[in-house]
Amino acid sequence: MADVRLRNVRKSYGDTEVIHGVDCEIADGEFVVVVGPSGCGKSTLLRMVAGLEEITKGEIAIGGRVVNDIEPKDRDIAMVFQNYALYPHMSVFDNMAYGLKIRGVPRSEIEARVEKAANILQLKPLLERKPRQLSGGQRQRVAMGRAIVRDPQVFLFDEPLSNLDAKLRVQMRVEIKRLQQDLGTTSIYVTHDQVEAMTLADRLVVMNAGVAEQVGPPIEVYERPETVFVAGFIGSPAMNFLPAIATENGLSVGEARFRAAQRLEPGRNVTVGVRPEHLELDPASPTLRVRAELVEALGADTIVHGTLAGAPLLARLPGTQRVVAGDEVPLRCAPEHLHVFDGATGKRI
Amino acid sequence: MRRRVVFKQKLLPYLLLAPQVAITLVFFYWPAAQAVWYSTRREDPFGLRSQFVGLENFITVLEDPSYINSLTTTAIFSLAVAVLAIVPALLLAVMADRVVRAATVYKTILLSPYAVAPAIAGVLWLFLFAPGIGVVAYVLQFLGIDWNFVLRGEQAMLLVIIASAWKQISYNFLFFLAGLQSIPKSLIEAAAIDGAGEGRRFWDVVFPLLSPTTFFLLVVNVVYAFFDTFGIIHAVTQGGPAKATEILVYKVWYDGVMALDLGGSSAQSVILMGIVIALTAIQFRYVERKVHY
Ligand SMILES: Nc1ncnc2c1ncn2[C@@H]1O[C@H](COP(=O)(O)OP(=O)(O)OP(=O)(O)O)[C@@H](O)[C@H]1O
Ligand SMILES: [Mg+2]
């Protein structure tokens, strides 16, 4: 078991810097999920922890030991790749045993450890098969098995579920979470799927264009996003952003007036964020009225699409609602659910 | 779904195939059939009449010590050529796979020997190693090695082996490089994380995945050494000294064209044909069975 510390980690390919100084402290046994859109540098960051990419600047320490110049094999980590990277010419057993064999673990212990992992992952009947004779989900399990038999200090996952179909993905997600809780191994998990991120993480690192925009527990990131990017990336359907101007006693968005939780200097340009699920029907004292352009009835909730002050606005109303396209919908949002960002920098105010 | 091309006219497809079929018939089936025909006949000394002798030519050939000798020479020669063309090619491919900058230049240089005609390759090596004038021969003499492949059979053999293998390295290199590049990088990375050093990564992961390629190349190179090295041998040693480098295909030519033993020579080529068919069959069966993924 070990903690992982990233200090001002940077990565450049030639003259282009793709990771612009990431700081993060991961506690022993913590499950940290790095989430962000495609190309933001998640894999690069993970591969630097693994030792597959050189660290251009900064420092990575695992268990208090700076690993910048240490080979992957001496870092005591295990990695699960997106394409599983199983050795195609080896049986499932040999795939899992390979790392142990190299480390000179005695045969009897290898067998015991592989058997234990195979039991946990329900791979017992498949041990003699070759990877090509397995389904995607089974391959995924073998890749997990290969990681856990080694009993490493840190698990690294690079989008391990993205090649699975939606149903299997949910199932494996739960399995991974349970496994990590049982083993208590420090884990870094990369994904671009925010549901995966929210459900798995003890703590989230939200990345955007090579910068860690926010680090924190999922609920905190959801409730108090630090930037417009984070606010828009976490949560589904995505948060509504409305251009607003601060007034003496609140915010004005086109015709609509909001009461704000904090006082801002009047005339300041800001962006107001409202999550669709925080808009409620309120025929008595609505803060805004929106014409429904499209209504999606999903059963569990109803999603109303509209426009406010030139920006698209979604409201997610609970259950089935008697709203049809063309209706004027009276809505309300509690002041504590308004997120106010600086109009220019996108930072939370 | 793949759509089938349908020709309106019945004749057109056959016409389109005709040139290919004609070439195969004229340059392969016709000579092959002729070889089979002649292999069962004996010509009179003036080449005017011939008579059917059944398998007699084959028996004579197989009982001839010089044929057995040539068979052994061919076995040694082709295996040595194959090994000597495969091992360095693999080494070069592994190195080329790592080169990032100027990779194309590097590859082009490595591929150029393949464009050299066998006879020219032979002459090239002949010049390098010719006793008295060759640079390498001079160095060898200087080092105290009694180098004279014109007189010494084992040296002559070594020389044709090197010359033949040299030409084939490029071809093998290309296949190995393609093979290496088709191995997903994450496999190597997984092995690195599993704790395998450079050497183990190669022997445990890369090499097994290249084994179908290696086997394919082994067969191709043996076939090459059997047939396509005629030009090299003809240019460098003419099968000598004292038949030390007379491989089967050279003997076929020598016995048929120089010694005018048409029946015996034809019997030899029929046997050769059998060997190639066998080699090819082995290859197809093996490659089909042994592909990992
Ligand atoms: N070898 C390389 N040379 C140059 N640029 C690279 C190299 N590898 C990655 N990059 C760049 O670094 C950035 C981050 O890439 P990375 O693979 O880490 O993205 P990612 O967040 O994992 O994306 P995805 O979700 O698509 O996997 C990208 O803009 C990419 O173009
Ligand atoms: Mg990635």
Side-chain angles (χ1 to χ4, degrees), chain A residues 13-14 43 46-47 49-53 67 70-91 94-105 110 129-134 139 142-143 145-147 149-150 152-160 163, chain B residues 86 90 93-94 97-106 175-219 283-293:
Chain A
Y13 291 106
S43 299
L46 193 75
R47 291 165 58 81
V49 178
L52 300 173
E53 297 281 351
V67 294
I70 292 177
E71 291 280 309
K73 68 184 165 85
D74 300 320
R75 294 190 183 194
D76 203 4
I77 44 136
M79 183 154 166
V80 178
F81 292 81
Q82 178 171 0
N83 64 356
Y84 317 134
L86 300 178
Y87 311 121
H89 57 297
M90 294 186 197
S91 66
D94 287 332
N95 261 286
M96 294 207 263
Y98 184 62
L100 299 175
K101 271 185 201 153
I102 288 179
R103 286 178 162 77
V105 176
I110 292 181
R129 294 222 196 145
K130 292 277 172 65
R132 75 183 131 85
Q133 298 165 316
L134 302 176
R139 281 180 214 186
V142 178
R146 186 167 66 179
V149 288
R150 291 247 322 277
Q153 304 255 23
V154 182
F155 284 142
L156 305 174
F157 301 88
D158 192 353
E159 310 209 14
N163 284 352
Chain B
I86 286 176
L90 181 55
V94 169
D97 193 33
R98 294 212 198 132
V99 175
V100 183
R101 223 164 297 159
T104 336
V105 177
Y106 190 65
F175 273 84
F176 277 131
L177 191 63
L180 282 170
Q181 289 179 343
S182 71
I183 296 177
K185 225 170 145 246
S186 57
L187 274 185
I188 314 293
E189 292 172 347
I193 289 175
D194 262 345
E198 192 113 11
R200 291 210 66 160
R201 291 205 289 270
F202 181 78
W203 288 114
D204 293 349
V205 180
V206 176
F207 192 70
L209 295 179
L210 281 181
S211 69
T213 311
T214 312
F215 185 78
F216 164 79
L217 287 176
L218 190 67
V219 176
Q283 175 185 319
F284 276 131
R285 297 205 55 171
Y286 182 88
V287 169
E288 258 168 33
R289 226 172 334 122
K290 259 298 220 196
V291 180
H292 292 303
Y293 48 100

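Computed from a prediction, not measured in an experiment: that's the story for all the values here. The chains referred to below are lettered A, B, ... by the order of the sequence lines, with proteins before strands, and numbering in each begins at 1. Atom set for the values below is all heavy atoms of this structure, side chains included, hydrogens, waters and symmetry mates excluded.
Closest of all the heavy-atom pairs between B:Asp204 and A:Met90 is O-CE, 3.8 Å. Nearest heavy atoms, B:Ser186 versus A:Phe81: CB-CD2, 3.8 Å. Taking each heavy atom of A:Arg150 and B:Ile193 in turn, the nearest pair found is NH1-O, 3.3 Å. Between B:Arg200 and A:Tyr98, the shortest heavy-atom distance links the atoms O-OH, 3.8 Å. Pairing each heavy atom of B:Pro208 with each of A:His89, the nearest pair is CB-CD2, 3.3 Å. Between B:Leu187 and A:Leu86, the shortest heavy-atom contact is CD2-O, 3.1 Å.
Contacts between A:Leu52 and chain B at a heavy-atom distance below 4.5 Å involve the side chain alone, from C-beta outward. If you measure heavy-atom distances from A:Arg47 to chain B, the contacts under 4.5 Å come from the side chain alone.
Here the straight-line distance linking atom CD1 of A:Ile102 with atom CZ of B:Arg201 works out to 9.5 Å at 0.5 Å rounding.
Surrounding CD of B:Gln181 are more than 12 heavy atoms belonging to other residues, nucleotides or ligands, all under 6.0 Å away.
The most heavy-atom pairs under 4.5 Å with chain A, out of B:Ala196, B:Ala190, B:Gly197, come from B:Ala190.
Between B:Glu189 and A:Met79, the closest side-chain pair of non-hydrogen atoms is not below 4.5 Å.
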